[in-house]
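Notes follow once the structure below has been shown.
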2 protein chains.
Amino acid sequence: MHRHDGHDACRTDAHDMLARAEAVCRARGLQFTPLRREVLGAVADSGKAQGAYDIAERLSAPGRRVAPVSVYRALDFLMEQGLVHRIASRNAFIPCAYDHAPGEGVIFLICRTCGAVDEASTQEVEDGLERTLERAGFTPTHSILEVEGDCGLCREQKRTP
Amino acid sequence: MHRHDGHDACRTDAHDMLARAEAVCRARGLQFTPLRREVLGAVADSGKAQGAYDIAERLSAPGRRVAPVSVYRALDFLMEQGLVHRIASRNAFIPCAYDHAPGEGVIFLICRTCGAVDEASTQEVEDGLERTLERAGFTPTHSILEVEGDCGLCREQKRTP
DNA sequence: CGCGGGTTTGTTACAGTGTATCACCGCAAC
DNA sequence: GTTGCGGTGATACACTGTAACAAACCCGCG
Ligand SMILES: [Zn+2]
Ligand SMILES: [Zn+2]
Ligand SMILES: [Zn+2]
Ligand SMILES: [Zn+2]
């Protein structure tokens with residue numbers, strides 16, 4: 001389930017992601033435009049969650065300015081297609097490396113040290129969550145589960161510095 | 001576990017909350033200043049999550065301006081004391097009506113219709129969450145659990161409009 | 001080919017959220 | 001008194017996100 005270690009670039013992942021994104025868009029009859037490709041590439045390239053303004057800055061160059069609003073639009077598209085997730089507690093975005101089943105929940109594991117964000121399945125918490133909501137008489141439409149802490153690699157490094 | 005129905009003011013709750021806050025601060029040797037009292041009152045008064053700027057506006061009056069920065073400082077204090085929670089998905093704040101045990105987790109139940117936010121215990125999800133994190137090799141420090149949906153009362157009202 | 005209508009992008013402006021900094025005040029301790 | 005400290009006021013600023021409109025692009029159709 002681990003995708004980024006945050007200590008080592010993982011361009012293969014980024015490359016695979018772009019290929020998958022292209023396939024997804026083609027299958028759905030949607031445009032995987034250069035801008036969308038670049039934005040997804042920027043998100044996938046760094047091992048950590050990226051803010052929209054960071055992405056805009058990264059894509060800008062002398063002679064070419066990418067405005068944040070353009071990045072937001074691309075991110076909206078990518079999120080709708082399930083290619084990118086938004087991390088509410090960080091106002092930041094990560095690429096999604098998985099094919100989530102529709103309605104499937106996700107837990108985001110956010111490393112406070114290296115900034116990497118991993119995804120885990122909600123499988124083991126779903127029953128308990130459902131019971132809790134049922135008891136409260138609450139009908140859910142959307143859940144956010146974000147856990148901050150130390151990823152395995154950072155924990156190792158702290159133990160032997 | 002239900003605290004606000006969002007359809008009916010609940011000033012008793014607000015009043016109790018202020019009393020409890022005062023007791024908590026006294027017990028910890030901290031100052032429950034007029035501003036902090038007002039901010040907590042403003043948060044507790046409305047049945048729904050309040051933004052910092054909403055609070056600032058509500059506390060301001062002709063001849064007296066309460067700047068957002070002051071509200072943020074009061075909110076920081078109140079959050080440190082566990083008297084207020086921040087709802088990450090809404091950039092908003094709610095009063096806490098419970099005495100949480102240290103390290104105890106909370107699930108926020110956010111009604112998309114009436115805006116009320118209720119709290120539920122994580123008791124029934126904790127085991128599953130721990131197993132999931134264990135498996136991912138992740139050491140948690142802080143969790144955010146926010147569920148959006150319809151509270152019981154709003155669901156009723158939709159059924160018989 | 002040229003036209004028409006939807007989609008994408010550029011550009012600007014603006015709203016909303018949160019923080020940094022410094023000055024001032026009140027109070028308690030020395 | 002004066003010194004120190006926590007709280008507040010005030011201004012400015014950084015960061016996050018959206019609205020509105022124009023220009024460019026794409027694609028199918030006459
Ligand atoms: Zn995902
Ligand atoms: Zn890490
Ligand atoms: Zn609480
Ligand atoms: Zn409701």
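Just so it is clear: chains get the letters A, B, ... in the order the sequence lines come, proteins before strands, and each one is counted from 1. Please read all numbers here as calculations on a predicted model, not as lab measurements.
If you check every strand for non-hydrogen atoms under 4.0 Å, A:Arg64 touches nothing. The residue B:Val66 sits apart from the nucleic acid: no heavy atom pair falls under 4.0 Å.
Among the nucleotides D:dG7, D:dT18, C:dT8, the one closest to any side-chain atom of B:Thr33 is D:dG7. Listed nucleotides C:dT8, D:dT18, D:dT16 differ in distance to A:Arg36; the shortest reach to its side chain belongs to C:dT8. Closest to the A:Ala67 side chain, of the nucleotides C:dT11, C:dT8, C:dA20, is C:dT11. With distances taken from any side-chain atom of B:Ser70 to the nucleotides D:dG9, D:dA19, C:dT19, the minimum falls on D:dG9.
With hydrogens and angles ignored, no donor-acceptor pair closer than 3.5 Å exists between the side chain of B:Arg73 and the base of C:dG18.
Applying the salt bridge (charged side-chain N to carboxylate O under 4.0 Å, His left out) test to B:Asp54 and every residue at least two apart in sequence or in another chain returns nothing.
If you measure from atom CG of B:Leu75 to atom P of D:dG7, you get 15 Å, rounded to the nearest angstrom. Distance CG (A:Asp76) to C1' (D:dT16): 13 Å, rounded to an integer number of Å. Rounded to whole Å, the distance from OH on B:Tyr72 to P on C:dA20 is 13 Å.
Between B:His85 and B:Phe93, a ring centre-to-centre spacing not shorter than 6.0 Å is recorded.
Residues A:Ser60 and A:Arg65 have side chains that never bring a donor and an acceptor to within less than 3.5 angstrom of each other.
Dashed line: the shortest gap from a side-chain N or O of A:Arg86 to OP1 or OP2 of D:dG17 is under 4.0 Å.
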A:Glu146 vs A:Arg90, salt bridge (charged side-chain N to carboxylate O under 4.0 Å, His left out): CA-CA, chis, key distance, verdict: CA-CA 10 Å; A:Glu146 298 179 7; A:Arg90 294 280 182 112; over 6 Å; no
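Mapping B:Arg65 and B:Pro34 onto DNA chain D via the closest heavy atom, the residue that lands nearer the 5' end is B:Pro34.
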